[in-house]
Amino acid sequence: MNSSAEASPTQSHPHRFPHRGLLPEGRYFTLTWTIGYDFGGMTTVALERSSAFARLDNRRVEILTLSPEMKYRDRERELHEAGTLDRKVKIRNLWQDLTTWSDRKLRRMIGTVDPDPSAVDDILNRSGRDWTELREDSEGHLLQADRYHDRGHLLVIDR
């Protein structure tokens with residue numbers, strides 16, 4: 001008997017956590033800006049829904065965050081320990097990923113907009129080992145943030 005021809009739906013997609021088939025096959029993500037320490041309704045719903053998908057269908061769910069302030073936070077561990085997040089839910093931060101990628105991988109991300117040549121004149125002098133240098137106006141409003149790769153070179157100028 002050829003077992004590959006007789007594979008059941010749960011065998012056709014081998015997973016660490018065999019899915020229960022409640023949700024369509026695929027990868028599941030939740031996107032949010034940040035997960036602060038004093039969060040409210042929308043973040044609560046995002047965490048609860050992600051945990052429900054993971055728990056009820058026995059599948060991995062990733063919460064993607066975009067906030068540069070979350071680069072060094074281990075919110076996933078904290079939320080798992082607090083019982084707020086199912087063990088199958090993982091948190092990934094865009095900046096944590098980008099600042100560890102190789103130059104080769106980063107080159108694949110080059111966009112289609114031509115860089116502003118005058119931006120080179122706006123690069124902030126790196127004053128320390130922090131991954132971010134900030135420029136503010138005289139009233140303290142943020143004008144620019146330069147983000148650095150973990151290896152030390154400039155990654156992004158955000159104006």
Side-chain angles (χ1 to χ4, degrees), residues 8-113 115 119 124 128-137 139-159:
S8 70
T10 57
Q11 292 172 336
S12 64
H13 297 285
H15 303 284
R16 182 172 169 219
F17 306 110
H19 301 163
R20 295 191 177 106
L22 299 174
L23 298 169
E25 190 59 41
R27 294 179 67 189
Y28 284 78
F29 299 90
T30 300
L31 177 66
T32 188
W33 180 256
T34 192
I35 304 171
Y37 290 94
D38 187 25
F39 55 83
M42 288 178 57
T43 302
T44 299
V45 168
L47 297 177
E48 288 177 354
R49 184 170 293 153
S50 297
S51 291
F53 283 2
R55 186 177 52 258
L56 295 173
D57 203 29
N58 200 39
R59 69 171 56 241
R60 193 171 296 286
V61 175
E62 287 186 83
I63 297 177
L64 307 174
T65 62
L66 304 173
S67 172
E69 288 75 30
M70 283 197 61
K71 179 181 186 291
Y72 294 117
R73 292 189 190 161
D74 194 357
R75 290 297 280 143
E76 179 182 315
R77 180 187 51 77
E78 295 166 351
L79 293 166
H80 285 163
E81 287 176 357
T84 307
L85 210 56
D86 186 272
R87 69 181 177 86
K88 292 179 288 298
V89 177
K90 302 295 174 202
I91 297 175
R92 286 182 56 191
N93 178 264
L94 166 75
W95 294 101
Q96 203 167 27
D97 285 356
L98 285 178
T99 57
T100 59
W101 285 359
S102 67
D103 291 340
R104 181 176 166 193
K105 192 170 186 177
L106 287 170
R107 275 192 292 278
R108 292 192 335 231
M109 300 298 291
I110 292 175
T112 57
V113 176
L124 301 173
R129 297 188 57 90
D130 289 340
W131 82 287
T132 300
E133 293 292 337
L134 303 175
R135 174 181 289 150
E136 298 174 340
D137 66 12
E139 297 173 4
H141 298 109
L142 182 63
L143 299 174
Q144 177 176 329
D146 289 4
R147 312 277 186 203
Y148 288 86
H149 194 282
D150 285 354
R151 290 190 305 275
H153 60 274
L154 183 64
L155 181 66
V156 174
I157 297 174
D158 183 8
R159 295 193 262 170

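Numbers for residues simply follow the sequence, beginning at 1.
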>> Quick check: do Leu155 and Leu106 have side-chain heavy atoms less than 4.5 Å from each other?
In response: yes
> Looking only at heavy atoms, what is the nearest atom pair of Thr34 and Ser67, with distance?
Replying inline: CB-CB, 3.6 Å
> Got Thr132 and Lys71 here, is their nearest side-chain heavy-atom distance under 4.5 Å?
Replying inline: no
> How long is the gap from CG on Leu143 to CG on Asp158, to the nearest 0.5 Å?
Replying inline: 11.5 Å
>> Can you tell me if Arg159 has over 12 outside heavy atoms packed within less than 6.0 Å of its CZ?
In response: yes
>> Determine whether a donor-acceptor pair (N or O, by modelled atom type, separation under 3.5 Å) exists between the side chain of Arg75 and the backbone of Ile35.
In response: yes
>> Contact between Arg59 and Leu23 at the side-chain level, heavy atoms closer than 4.5 Å - yes or no?
In response: yes
>> Can a donor-acceptor pair be found, under 3.5 Å and without considering hydrogens, that links the side chain of Trp33 to the backbone of Thr65?
In response: no
> Donor-acceptor pair, Asp146 side chain versus Glu133 backbone, under 3.5 Å?
Replying inline: no
> Hey, does Leu154 have a side-chain heavy atom less than 4.5 Å from the side chain of Tyr148?
Replying inline: yes
>> Tell me whether Asp97 is salt-bridged to Lys105, with the criterion being a basic N under 4.0 Å from an acidic carboxylate O.
In response: no
>> For the CZ atom on Arg92, are there more than 12 heavy atoms of other groups (residues, nucleotides or ligands in this structure) within a distance under 6.0 Å?
In response: no
> Should Leu31 and Leu66 be marked as a side-chain contact (heavy atoms from CB on, under 4.5 Å) after you check the CA-CA gap, both sets of side-chain angles, and the distance that decides it?
Replying inline: CA-CA 8 Å; Leu31 177 66; Leu66 304 173; 4.0 Å; yes
>> Could you check whether any side-chain heavy atom of Val89 comes within less than 4.5 Å of a side-chain heavy atom of Leu79, counting everything from C-beta outward?
In response: no
> Do the side chains of Arg151 and Asp103 get nearer than 4.5 Å, heavy atoms only?
Replying inline: yes
> Does some side-chain heavy atom of Leu124 sit less than 4.5 Å from a side-chain heavy atom of Leu134?
Replying inline: no
> Is Glu76 reaching over with its side chain to a backbone N or O of Ile91, donor-acceptor style, under 3.5 angstrom?
Replying inline: yes
>> If I compare all heavy atoms of Arg55 with all of Lys88, which pair ends up nearest, and what's the gap?
In response: CA-NZ, 4.2 Å
>> If I compare all heavy atoms of Ile63 with all of Ser50, which pair ends up nearest, and what's the gap?
In response: CG1-OG, 3.7 Å
> Would you find a donor on one side and an acceptor on the other, under 3.5 Å apart, between the side chain of Ser51 and the backbone of Asp86?
Replying inline: yes
>> We want to know whether Asp150 and Thr100 form a side-chain donor-acceptor pair, criterion being a heavy-atom distance below 3.5 angstrom.
In response: no
